[in-house]
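In what follows, chains are A, B, ... by sequence order, proteins preceding strands, each numbered from 1.
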Amino acid sequence: MRKDFKLKVFEVVKAIPKGETLSYKRVAELAGRPKAYRAVGNILSRNYDPSIPCHRVIRSDEAPGGYNRGSVAKIRKLREEGVNQFRG
DNA sequence: CGTATGACGTGCA
DNA sequence: GTGCACGCCATAC
């Protein structure tokens with residue numbers, strides 16, 4: 001069911017280890033819909049959850065993408081965790 | 001139920 | 001290297 005995709009996305013995103021980052025496409029693949037990276041960002045956006053490290057999810061271009069709290073906060077958090085500049 | 005949107009990704013000029 | 005347009009999927013209203 002498509003709904004599982006959402007739950008899966010949350011599981012995957014929540015499974016992201018500190019200091020690591022996954023691209024929306026990567027998450028979509030792990031979630032089971034390699035072509036639903038579009039929905040991944042959509043889900044995180046429409047369903048922002050404080051228990052989900054969605055800030056560890058970035059674009060495939062190493063770009064921070066967006067963030068409900070502001071892209072700046074996203075980058076800031078990543079740097080705080082150890083991600084120097086999305087360049088691993 | 002049906003329509004429109006979006007925190008994306010890839011190709012081409 | 002940069003900018004524009006299309007496609008693809010699920011969610012929310």
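The shortest non-hydrogen separation linking S71(A) to G65(A) is CB-O, 4.4 Å.
For A73(A), the side chain to side chain contact (heavy atoms under 4.5 Å, CB included) partners at least two apart in sequence or on another chain are Y67(A), R69(A). Residues passing the side chain to side chain contact (heavy atoms under 4.5 Å, CB included) test with E20(A), sequence neighbours excluded: I16(A), P17(A). Remark: K35(A) engages no residue in a side chain to side chain contact (heavy atoms under 4.5 Å, CB included) (not counting sequence neighbours). R59(A) pairs by the side chain to side chain contact (heavy atoms under 4.5 Å, CB included) definition with Y24(A), D61(A), A63(A), not counting sequence neighbours.
The CG atom of N47(A) sits 5.0 Å away from atom CZ of F10(A), with the distance rounded to the nearest 0.5 Å.
For K8(A) (side chain) and G32(A) (main-chain N/O), no donor-acceptor pair under 3.5 Å exists by modelled atom type. Formation of a donor-acceptor pair under 3.5 Å by the K74(A) side chain with backbone atoms of V57(A) is found in this model.
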Please list each protein N or O that sits under 3.5 Å from an N or O in nucleotides 4-6 of chain B, with the distance.
residue: dG6(B); atom: N2; partner: R38(A); partner atom: O; Å: 3.3
residue: dG6(B); atom: N2; partner: N42(A); partner atom: ND2; Å: 3.0
residue: dG6(B); atom: N3; partner: N42(A); partner atom: ND2; Å: 2.3

Under 3.5 Å, N/O pairs linking protein and nucleotides 10-13 of chain B:
none

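Here N47(A) reaches the OP1 or OP2 of dA12(C): one of its side-chain N or O atoms lies under 4.0 Å away.
One atom, CZ of F10(A), and another, P of dA7(B), lie 15 Å apart when rounded to the nearest Å. Here the C1' atom of nucleotide dA7(B) and the CD atom of E62(A) are 17 Å apart, to the nearest Å. Distance NZ (K35(A)) to P (dC6(C)): 18 Å, rounded to an integer number of Å. Summarising the geometry, the separation between CG on L78(A) and C1' on dA7(B) is reported as 13 Å, rounded to the nearest angstrom. In this structure, K8(A) atom NZ and dC9(C) atom C1' are separated by 16 Å, rounded to whole Å. Regarding F5(A), its CZ atom lies at a distance of 11 Å from the C1' atom of dC8(C), rounded to whole Å. In this structure, R26(A) places its CZ atom 19 Å from C1' of dA7(B), rounding to the nearest Å.
Nucleic acid contact for N68(A): base, since at least one base atom lies under 4.0 Å from a heavy atom of the residue. Within the nucleic acid shown, I43(A) comes within 4.0 Å of sugar-phosphate atoms alone, with no base atom in reach, counting heavy atoms only.
One N or O donor and one acceptor, one from the side chain of Y24(A) and one from the base of dA7(B), sit under 3.5 Å apart.
In the set dA10(C), dA7(B), dT11(C), dA7(B) carries the atom at the smallest distance from any side-chain atom of K74(A).
Between R26(A) and E29(A) there is a salt bridge, since a side-chain N of the basic residue sits under 4.0 Å from a carboxylate O of the acidic one.
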